[in-house]
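Read through the structure below, which is laid out as structure tokens, and then see the notes.
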There are 2 protein chains.
Amino acid sequence: MDNVTIKMLAKELNLSTAAISKALRDSHEISDSTKQRVLELANRMNYIPNAYAGSLRRRKSNTIAVVLPEVADSFFSLAINGIESVAREKGYHVLIYLTHESFKREQDILKEFQSGRVDGILMSLTAETASYQHICALEAKNIAPLVFFDRVCDESNTAKIMTDDFESGYKATKHLIECGCKKIAVLSISNYLSISSKRLEGYKQALQDHSIPFDPINLIYCGNDADSNYRFIRKILHEKDRPDGILATVEKLTTKVYLACRELSLRIPDDIKIVSFSNLSAASLLNPSLTTITQPAFEIGKAAATVLFKSLDKKSFQLENIREVLPSELIVRGSTVSGQ
Amino acid sequence: MDNVTIKMLAKELNLSTAAISKALRDSHEISDSTKQRVLELANRMNYIPNAYAGSLRRRKSNTIAVVLPEVADSFFSLAINGIESVAREKGYHVLIYLTHESFKREQDILKEFQSGRVDGILMSLTAETASYQHICALEAKNIAPLVFFDRVCDESNTAKIMTDDFESGYKATKHLIECGCKKIAVLSISNYLSISSKRLEGYKQALQDHSIPFDPINLIYCGNDADSNYRFIRKILHEKDRPDGILATVEKLTTKVYLACRELSLRIPDDIKIVSFSNLSAASLLNPSLTTITQPAFEIGKAAATVLFKSLDKKSFQLENIREVLPSELIVRGSTVSGQ
DNA sequence: TATATTTACTTAACCGATTAAGTTATTTCC
DNA sequence: GGAAATAACTTAATCGGTTAAGTAAATATA
């Protein structure tokens, strides 16, 4: 039960705790022979330093927080993989906080970080986040360096790792238009998120470049409840002037679209074409296979963590105005082009 | 930068730090009027206790660890959701450790827990784990209560939350046999994991009950590398006496099977039928839709966390010999029955 | 009225490590 | 040979809380 402490090592070797501590940290104040003895004993007694004693004294926890809406989403789970790969290499621990798209939770979580629990924060905003005081407060108080990934906060000027959302929205829409779509609906989960608005801008630009007027009726905002999203989508696809193309900006909405199409006997891609932002590895196996905008999720996580650790390794490193934009890829499959 | 501490509150109110601490913890030693004053000031100054000071003194971190092979897997990501939902309610923090199926990592991670970083551990073994000293050591030293979920360790007698793996293996195999399969291959990732052997036992029992001899050649062990798994599966499906039924015990292998079938022009379910352990929400949208054994992933995570917190809340609570078995469900779809 | 108890605190030790500021003994240098 | 520098430690303060033990005043009890 009781773990080996520095005090026990000190008693055993007739040294002060200070000497042990310094020996373990390879201080020049300690002779090589003593260091040897300390190291040997520490190994033999299986000494593991108390995680919190050092954190308290040094005001450093070797822990980062990842704040994100959801894990059960291939983009975020891959991003976590990327983050974890860097954190592990650096010997850091990773705390996970799920907001489940709740702004209140996001606020509570950030507030808790004032406890000094984490040295750095990686964050992707909730779909609800429309006010940024909690983020400003965090930054103003200089609590911990913050790096946004994917769902970044334009109102903050800390580091942001993102994909080319405008271009992605543009590419996807252009592709749908070129496949013959005249009425393209955009499924979104937020009118606050900058990724949403950028994707939407890309969409609008593509329409404009192809002389299709933008009609706000084609903007469809879904919520957090899977069932009502399904019913909503189904209702829209059931209408007389239903869309003939769908751009789903969120992976989870695609399932609903497929199900609704199936139930309404709408043929994909003949009656309706679909492009979805998705990292689903089974995208190519769907019926029909799904045309996706696929983000480099793992790389985004990795890049975000890498930038964060630059700041943690060197206090002078400035996160401000850092923007990394990684390209997404349009992968054309059967939901837009038959026979693919 | 410098956070509000108890010392600052004490100075402000002309009280000792002890009084503040006790007031904040609503001790009977402090008068109501003083408590009021302390609480009011703490609120006003936005006092957030240092996360590590209390943890050090009280030897309690309000943090649990989740040790698992992978997040980019719908079972595990849903389980994390379940765990997080309980942890959040209890005011605990969740550290995530990914083993990526590496035994060495699992050992290192467990060893680190001797630092007292976490109050409790939720764990799912790696596919490689065949030795259990690291787990015994953890338990012997009484470092933190440990609850296994899904990939449990039979050699330990701490709490285990699992699904009915034998029955699932049985049901899946029986279904394949009833669909006409004569030669059913089992895709597995481990011959160590108890879930694997239980599923396999169920498979064998089903064969026996239907008078089909068990042939070890139908046992196919895949590794951790996606590409070589694919090539391996493809090779097997290319052979003359290829299987006519596949039971994939791991979600990620299913994609490979579908791809291999497509490349080899094997028709599912006509030429080959597939059942997979999977929590993929898109299972019904695959081409053909996938017959699955679906585990109650969220509930498993939730149950595991609930049991762990029982032990954390009441030290006398015995985790030993606790076994909760939640039922999985066979969902018949198009990969075994055409037209589904 | 004297003693016991309760109330509402304060003091000081403590959790386990880190580190600034000493303290010797030894070596270096002029 | 004596001052200065260096090596190899120790002492004690510190991080920010928690808590056992102590204390003084107020109240209760005999």
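No hydrogens, no waters, no symmetry mates; every other heavy atom, side chains included, goes into these values. Letters A, B, ... are given to chains in the order of the sequence lines, protein chains preceding strands, and every chain is numbered from 1.
- The nearest whole Å value for the distance from the CD1 atom in B:Ile30 to the C1' atom in D:dT18 is 13 Å.
- Within 4.0 Å of A:Ile20, counting heavy atoms only, lies no atom of the nucleic acid at all.
- D:dG17 atom P lies 11 Å from atom CD1 of B:Ile48, rounded to whole Å.
- With hydrogens and angles left out, the side-chain atoms of A:Asn50 and B:Ser115 include no donor and acceptor closer than 3.5 Å.
- Nucleotides of DNA chain D nearest to B:Tyr47 and A:Ser31 differ in position, and the one nearer the 5' end is that of A:Ser31.
- For B:Arg58, counting side-chain heavy atoms from C-beta on, the closest listed nucleotide (D:dA12, D:dT18, D:dC9) is D:dT18.
- Of all nucleotides in DNA chain C having an atom under 4.0 Å from a heavy atom of chain B, the first and last in 5' to 3' order are C:dA8 to C:dG16.
- Between the CG atom of B:Asn3 and the C1' atom of D:dG16 there is a distance of 11 Å, given to the nearest Å.
- Taking 4.0 angstrom as the limit, B:Lys7 places a side-chain polar atom (N or O) nearer than this to OP1 or OP2 of D:dC15.
- Residues B:Ile6 and B:Tyr47 form a side-chain contact, since some pair of their non-hydrogen atoms from C-beta on lies under 4.5 Å apart.
- With the nearest nucleotide of DNA chain C identified for both B:Asp32 and B:Ala53, B:Asp32 has the one nearer the 5' end.
- As rounded to whole Å, 8 Å separates atom P of D:dC9 from atom CZ of A:Arg37.
- Here D:dA21 presents its P atom at 12 Å from NZ of B:Lys22, a figure rounded to the nearest Å.
- With hydrogens and angles disregarded, a donor-acceptor distance shorter than 3.5 Å links the side chain of A:Lys35 to the backbone of A:Ser27.
- A 4.5 Å side-chain heavy-atom check between A:Glu324 and A:Lys160 finds every atom pair outside the cut-off.
- Between the side chain of A:Arg57 and the base of D:dT14, a donor-acceptor pair under 3.5 Å is found.
- Using a 30° and 60° split on the angle between ring planes, B:Phe103 and B:His134 fall in the perpendicular class, above 60°.
- Taking atom CZ of residue B:Arg59 and atom C1' of nucleotide D:dG17, one finds them 15 Å apart after rounding to whole Å.
- Annotation: side chain of A:Asn46 is not in contact with side chain of A:Val4 (no heavy-atom distance under 4.5 Å).
- Within the nucleic acid shown, B:Ser21 comes within 4.0 Å of at least one base atom, counting heavy atoms only.
- Atom P of nucleotide D:dC9 and atom NE2 of A:His28 are separated by 13 Å, given to the nearest angstrom.
- For the 3.5 Å distance criterion, the side chains of A:Glu139 and A:Asn157 fail to qualify, holding no donor opposite an acceptor.
- In this structure, A:Ser16 reaches the bases: a heavy-atom distance under 4.0 Å links it to at least one base atom across the strands shown.
- No contact: A:Ser55 has no heavy atom under 4.0 Å from any strand.
- As a whole-Å value, the separation of B:Asn50 CG from D:dT14 P is 17 Å.
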